[in-house]
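Written out below as structure tokens is the structure these notes cover.
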There are 2 protein chains.
Amino acid sequence: MAAHELLRDHGVHVTAQRLAVLRAVSSRPHCTAENIVETAKDEIGTISRQSVYDTLNTFVEKGLVRRIQPTGSPALYEDRVGDNHHHLICRDCGRVVDVDCSVGAMPCLQAANDNGFEIDEAEVAYWGRCPECKTSTLEKTASNHNH
Amino acid sequence: MAAHELLRDHGVHVTAQRLAVLRAVSSRPHCTAENIVETAKDEIGTISRQSVYDTLNTFVEKGLVRRIQPTGSPALYEDRVGDNHHHLICRDCGRVVDVDCSVGAMPCLQAANDNGFEIDEAEVAYWGRCPECKTSTLEKTASNHNH
DNA sequence: GACGACTTTTTGACAGAGTCCAAGTTGAGC
DNA sequence: GCTCAACTTGGACTCTGTCAAAAAGTCGTC
Ligand SMILES: [Mn+2]
Ligand SMILES: [Mn+2]
Ligand SMILES: [Zn+2]
Ligand SMILES: [Zn+2]
């Protein structure tokens with residue numbers, strides 16, 4: 001669907017700023033609000049920081065964009081919504097990678113015991129170290145042993 | 001085990017501040033650093049915010065305390081560690097409830113595709129609405145219909 | 001017990017992310 | 001064209017959390 005219709009269908013006015021923010025989020029998943037300010041500025045010349053924050057909040061509210069907030073990182077945004085996917089996050093460099101739900105579609109919504117809660121989302125963050133950071137540590141260890 | 005030995009065994013000096021922070025975390029699971037500052041002050045008279053943060057960081061590092069960071073909330077601390085349990089979180093009131101891992105012991109560490117990451121923790125947050133908040137909404141809806 | 005190296009605490013400043021104003025301007029949509 | 005929504009500008013402000021330097025405390029050793 002064209003971006004223009006996407007916005008209309010979600011009941012928000014179509015503006016140059018909103019189109020630019022949407023494209024920025026699409027072009028670089030898991031980016032920060034600051035990243036988006038820069039990308040959008042490159043595209044349409046100027047956009048205020050406030051406008052980017054307002055737009056992102058609107059998009060998240062309307063379900064156009066998803067926000068994740070890993071510990072120690074500013075909020076990250078992506079346009080992959082509604083598929084209940086999860087994230088691998090590197091403790092060393094902060095890299096974020098998508099990972100499909102291991103159980104299937106909307107399955108992990110089943111907690112062992114829901115305690116009477118009405119659950120609508122299962123958010124899973126897999127913490128660890130990415131291939132690059134694993135390698136660089138190994139190298140460091142090796143060189144330490146070598147002298 | 002007495003708190004005193006617990007600290008020694010984890011290789012940290014025993015201080016009044018650390019004992020107070022540990023007790024604060026134990027007495028009220030899933031509380032914020034600010035909560036802990038207040039609780040600890042009530043107990044030992046004075047303690048600096050910095051000291052609470054330092055202590056919590058040390059405790060997390062040493063595995064004495066676990067930190068969780070739900071989206072949109074400051075970090076929360078608990079003394080239930082090493083059992084890979086998860087959390088139910090109410091979108092309305094922020095209530096946090098423990099829930100055992102539905103898959104068993106350390107199972108959800110298995111992502112569908114680890115992308116070469118070395119995963120050491122799977123943090124699962126089940127989002128929804130707690131029984132109390134469900135009820136209060138129902139009541140509101142009912143009363144709206146009644147006039 | 002007292003000493004002394006080392007760790008912890010205190011204090012106050014500071015940083016990062018994000019929100020909230022407010023007033024004026026621009027722009028979208030009917 | 002009119003009306004209401006969205007954007008800009010600039011600053012103040014909140015909330016979490018960290019940094020740095022000086023003061024105080026812990027604990028192994030004498
Ligand atoms: Mn993603
Ligand atoms: Mn818990
Ligand atoms: Zn990495
Ligand atoms: Zn609730």
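- Taking 3.5 Å as the limit, the base of dC15(D) and the side chain of E34(B) contain no donor-acceptor pair of atoms between them.
- S51(A) has a side-chain polar atom (N or O) that falls below the 4.0 Å cut-off from OP1 or OP2 of dT8(D).
- Comparing A16(B) and Q17(A) by the nucleotide of DNA chain D whose heavy atom lies nearest to each, the residue mapping closer to the 5' end is Q17(A).
- Residue K134(B) comes nearest to G116(A) through the heavy atom pair NZ-O, 3.0 Å, listed as atom of the first residue, atom of the second, then distance.
- With dA6(D), dG17(D), dA20(D) as the candidates, the nucleotide lying closest to the side chain of Q69(B) is dG17(D).
- Residue-level contact check: S48(A) touches the bases, meaning some heavy atom is under 4.0 Å from a base atom.
- In the hydrophobic cluster analysis, where Ile, Leu, Val, Met, Phe, Trp and Tyr join through side-chain heavy atoms closer than 4.5 angstrom, L56(B) is grouped apart from W127(A).
- Under the 4.5 Å side-chain heavy-atom criterion for ILVMFWY residues, no single connected hydrophobic cluster contains both I68(B) and I68(A).
- Taking a heavy-atom distance under 4.0 Å as the criterion, the stretch of DNA chain C touched by chain B extends 5' to 3' from dT7(C) to dG12(C).
- Residues T32(B) and N35(B) have side chains that bring a donor and an acceptor to within less than 3.5 angstrom of each other.
- Here N57(B) reaches the OP1 or OP2 of dT18(D): one of its side-chain N or O atoms lies under 4.0 Å away.
- Across all non-hydrogen atoms, the minimal contact from V99(A) to H87(A) is CG1-N, 3.7 Å.
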Determine whether Q17(B) and T55(B) satisfy the following criterion, side chain to side chain donor-acceptor pair (under 3.5 Å), listing intermediate values before the conclusion.
CA-CA 8 Å; Q17(B) 289 85 349; T55(B) 299; over 6 Å; no
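- Atom CG in L19(B) sits about 15 Å away from atom P in dG25(D), given to the nearest Å.
- Proximity of R18(A) to the phosphate of dA6(D): a side-chain N or O atom is located under 4.0 Å from OP1 or OP2.
- Within the 4.0 angstrom heavy-atom criterion, only backbone atoms of the sugar-phosphate kind lie near A75(A); the bases stay farther away.
- Atom CD of E132(B) has more than 12 heavy atoms from other residues, nucleotides or ligands within 6.0 Å.
- Using a 4.0 Å heavy-atom distance criterion, T46(A) is classed as a sugar-phosphate-only contact.
- Taking the nucleotide of DNA chain D with the nearest heavy atom to each of Y53(B) and T55(A), the more 5' of the two is matched to T55(A).
- Computed from coordinates, the Q50(B) CD to dT16(D) C1' distance equals 12 Å when rounded to whole Å.
- Between R8(B) and dG28(D) there is a side-chain N or O to OP1 or OP2 distance below 4.0 Å.
- Spacing between atom CG of L56(A) and atom C1' of dC7(D) amounts to 15 Å, rounded to whole angstrom units.
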